[in-house]
Amino acid sequence: MIVSMQDKGEALLSKCSKGFKSLVRRKQVDSVHVRREGHQLARKLTALDLTAIGVGTTIGAGVYVLVGTVAREHTGPALTVSFLIAGLAAALSAFCYAELASRCPSAGSAYHYAYICIGESVAWLIGWSLILEYTIGGAAIARGISPNIALFLGGEGNLPAFLVRHTIPQLGVVVDPCAAILVLIVTFLLCAGIKESSLVQTIVTTVNVCAMLFIIVAGGYLACKTGWVGYELHGRFFPFGLNGMLAGSAIVFFSYIGFDAVTGAAEETKRPLRDLPLGIGMTLTLCCILYMLVSVVIVGLVPYYALNPDTPISSAFSANGMQWAAYIVTAGAVTALCASLMGSLLPQPRLLMAMARDGLLPAFFSDISTRTQVPVKSTVTTGMLAAVLAFFMDVSELSGMVSVGTLLAFTVVAISILILRYAPPEEVPLPSSLQQFIDSVRKQLDDDSQSMERKEFNDADIVEQRPSQSEYGEASIQCPLIEKQFCEDKQNPRRRRNIAIWNIALFCIGVLVLTSAASVEYLPSLVHFSLGAVGAAILLCSLVVLACLNQDEARHSFGHTGGFLCPFVPFLPAACILINSYLLMSLGVGTWIRVSIWLIMGALVYISYGWRHSSLTNAVYVPMAYLDHIYRASSSHQV
């Protein structure tokens with residue numbers, strides 16, 4: 001009876017251990033050894049195409065409204081400084097994305113990086129969150145286009161009847177046919193091919209940038225004529241103080257979200273190692289410059305307290321006798337929304353394709369058209385879903401959920417950089433069909449290792465063991481085995497690796513405690529201070545330890561080498577994690593409740609389907625050193 005209970009306990013423990021390992025199993029970086037079945041995506045994009053995609057996705061119509069609200073309520077004339085600080089904060093994430101994109105240039109973006117560096121469960125969480133972001137983001141953008149089109153045409157009365165918003169009395173729902181039609185048009189363009197859709201994206205983005213350049217040039221000319229009246233405030237450049245300026249930076253930070261769409265087209269880039277980091281960097285640089293110049297001009301044209309919160313740019317030009325400029329501003333807003341819509345719908349089919357390739361979603365989503373070389377089935381599915389949402393639902397209340405997916409992705413990408421540098425994966429998964437080659441290579445290498453050890457031991461017996469003076473003046477024994485063990489203990493890569501893993505985990509815990517203490521308002525001040533002090537202490541101590549440790553040598557051969565490297569590790573990824581975590585904690589309870597419901601649904605989908613159908617279910621993990629030997633053995637056998 002006791003033996004039976006012990007057997008059951010061991011079986012249960014084995015199942016739990018197996019289940020936990022399946023949650024943290026990691027996939028291999030795509031390489032020359034990985035040959036995918038079926039058709040591939042077309043590699044046609046250049047750095048200029050990626051920049052157009054990134055700028056078009058990032059610069060939405062929000063900037064045409066955001067400058068007025070933030071300047072009036074938070075920053076005053078210091079709006080430009082807020083945009084600069086927000087741009088620098090976004091650059092932290094951009095550096096991390098640039099390294100991972102060049103090392104692991106495959107579809108899926110943050111999902112793909114998390115799957116390689118952290119594990120399957122975290123990758124699923126990120127992928128599921130990004131699905132929500134792209135779907136709601138696309139629908140929200142589409143519903144924002146029709147009012148701007150009506151404004152451009154002089155009112156809703158000038159729109160065709162079938163495009164006008166109207167209410168269904170029985171349901172009390174305001175439907176937007178124009179939004180749904182625009183989503184379907186963009187879906188058709190994306191199905192036509194990546195080069196065709198990127199060409200349209202480039203044209204639309206160029207029109208938007210030209211509208212912003214008009215605002216900068218014409219506004220600067222008017223401001224020079226009027227003497228930059230917005231800055232004549234008797235030295236009050238920071239009317240709301242430093243805290244107001246930082247609060248404004250936190251708000252305008254979200255206007256930089258979108259550069260990560262560049263990494264979604266990694267498999268369609270001609271030269272990913274060079275063009276992906278270049279596209280990310282050019283996107284963020286152009287957006288930051290345009291944002292800062294627009295804010296300089298608009299705040300200089302009109303005093304910040306006189307800005308119209310709804311139409312700040314048009315009102316600023318009207319106040320200076322240029323009412324007609326409203327048409328150019330509105331045209332810029334419409335094209336900005338169209339470019340953002342295309343940029344929002346482009347990465348999602350590729351994300352679904354990547355998740356389906358890994359077995360976490362049905363294989364239906366991984367099909368690639370033989371003619372256009374794009375995932376048509378995934379594109380049509382996501383386009384239809386976004387069109388239905390844009391037609392029936394006012395998703396503005398759900399727009400806060402979009403930020404959760406992006407900030408989670410930014411945070412996980414920064415953590416992945418720390419793992420890649422200090423504790424990169426030591427083993428890679430191979431299909432069970434290679435089991436005989438794995439066993440053969442493992443036996444051969446183990447025999448070679450034992451032969452080498454026996455040879456070293458015999459050599460040690462031959463050597464005369466005479467005392468000699470060590471560097472400390474003490475006698476030591478000249479034995480190769482002892483010297484070898486001393487060197488291994490001195491370097492001890494396994495110990496260094498374990499210390500790094502624990503300190504990365506402790507750093508994340510410290511960030512979570514510190515940002516929670518800073519964000520939660522209803523706690524007593526003593527509890528606030530205590531939690532903040534504990535979190536800061538854990539954070540700083542773990543960061544100091546990481547800074548003192550040597551980075552793992554295996555990082556040099558991880559993934560595709562020769563690309564961009566993130567500078568100032570571990571400090572830059574650590575700052576990125578801290579900033580994004582604080583923004584996540586500041587999103588509000590209502591947003592987190594809605595996101596939690598979506599994540600619970602995702603967990604159920606993963607347990608019921610993804611976990612069972614994962615391509616890593618029967619994978620065999622082997623050390624990285626065995627990989628080339630195994631592939632050579634399998635290749636020679638096939639020949």
Side-chain angles (χ1 to χ4, degrees), residues 24-31 33-34 91-123 125-127 260 262-263 266 272-273 276-277 280 354 358 408-429 493-508 511 542-543 545-578 580-581 616 621 623-625 627:
V24 296
R25 56 193 175 193
R26 298 185 280 194
K27 72 174 184 177
Q28 180 183 355
V29 180
D30 295 336
S31 66
H33 298 305
V34 180
L92 301 179
S93 296
F95 280 121
C96 298
Y97 265 96
E99 174 168 347
L100 289 173
S102 60
R103 284 185 183 269
C104 316
S106 295
S109 189
Y111 157 80
H112 179 64
Y113 312 145
Y115 208 162
I116 291 171
C117 296
I118 301 177
E120 185 174 280
S121 58
V122 175
L125 170 72
I126 296 302
D260 54 314
V262 171
T263 61
L273 266 67
L276 285 171
I280 293 172
D358 297 329
L408 279 175
F410 285 5
T411 304
V412 166
V413 165
I415 294 173
S416 298
I417 287 290
L418 292 178
I419 293 174
L420 188 154
R421 293 297 191 89
Y422 288 97
E426 294 181 303
E427 296 182 329
V428 293
R494 170 61 57 184
R495 182 168 176 269
R496 183 209 57 76
R497 182 184 177 90
N498 290 335
I499 291 174
I501 292 173
W502 277 106
N503 277 277
I504 292 172
L506 285 173
F507 177 81
C508 295
V511 168
S542 56
L543 185 60
V545 172
L546 285 175
C548 294
L549 286 177
N550 292 325
Q551 296 182 26
D552 200 299
E553 290 297 322
R555 73 187 188 279
H556 297 301
S557 58
F558 183 84
H560 296 249
T561 58
F564 179 83
L565 293 178
C566 178
F568 308 117
V569 177
F571 301 107
L572 190 147
C576 179
I577 295 169
L578 182 62
N580 293 317
S581 299
L616 301 182
Y621 282 81
M624 294 280 289
L627 194 60

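Using a 4.5 Å heavy-atom cutoff, the side chains of S542 and W502 are not in contact.
Residue I280 holds its CD1 atom at 11.5 Å from CD of E99, rounded to the nearest 0.5 Å. Atom OG1 in T411 sits 4.5 Å away from atom CG in N580 (nearest 0.5 Å). Rounding to the nearest 0.5 Å gives a distance of 7.5 Å between CD1 of I118 and CD1 of I126. Atom CD1 of I116 sits about 4.0 Å away from atom SG of C104, to the nearest 0.5 Å. The distance from the OH atom of Y113 to the OG atom of S106 is 8.5 Å, given to the nearest 0.5 Å. The CZ atom of R421 sits 6.0 Å away from the SG atom of C566 when rounded to the nearest 0.5 Å.
For F95 and F568, the gap between ring centers reaches or exceeds 6.0 Å.
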Exercise for review: Please assess K27 against E120 for the test side chain to side chain contact (heavy atoms under 4.5 Å, CB included), listing each intermediate value before the final yes or no.
Suggested key: CA-CA 8 Å; K27 72 174 184 177; E120 185 174 280; over 6 Å; no
Exercise for review: Assess whether side chain to side chain contact (heavy atoms under 4.5 Å, CB included) is satisfied between L100 and S416, documenting all intermediate values.
Suggested key: CA-CA 8 Å; L100 289 173; S416 298; 3.9 Å; yes
Point to revise | Derivation of the side chain to side chain contact (heavy atoms under 4.5 Å, CB included) call for L92 and Y97 | key: CA-CA 9 Å; L92 301 179; Y97 265 96; over 6 Å; no
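The backbone N or O of D260 sits less than 3.5 Å from a side-chain atom of T263, completing a donor-acceptor pair. One N or O on the side chain of R496 and one on the backbone of Y422 form a donor-acceptor pair closer than 3.5 Å.
We find that R497 and D552 are joined by a salt bridge, their nearest charged nitrogen and carboxylate oxygen being less than 4.0 Å apart.
Scored by the side-chain contact (heavy atoms from CB on, under 4.5 Å) test, A414 finds C96, P573, C576, I577 as partners (sequence neighbours excluded). Listed by chain and number, the residues in a side-chain contact (heavy atoms from CB on, under 4.5 Å) with P425 are R26, F558 (sequence neighbours excluded). Remark: E427 engages Y621 in a side-chain contact (heavy atoms from CB on, under 4.5 Å) (not counting sequence neighbours).
For the pair L273 and S102, the tightest heavy-atom approach, listed with the atom from each and the gap, is CD1-O, 3.5 Å. Contact record, R555 with P424: N-CG, 4.2 Å, taken as the closest heavy-atom pair. Considering all non-hydrogen atoms of both residues, A101 and L276 come closest at O-CD1, 3.5 Å. For the pair L418 and P570, the tightest heavy-atom approach, listed with the atom from each and the gap, is CD2-CB, 3.7 Å. Taking every heavy atom of both residues into account, A354 and G108 meet most closely at CB-CA, 4.0 Å. The two residues V569 and Q551 have their closest heavy-atom pair at O-NE2, 3.8 Å.
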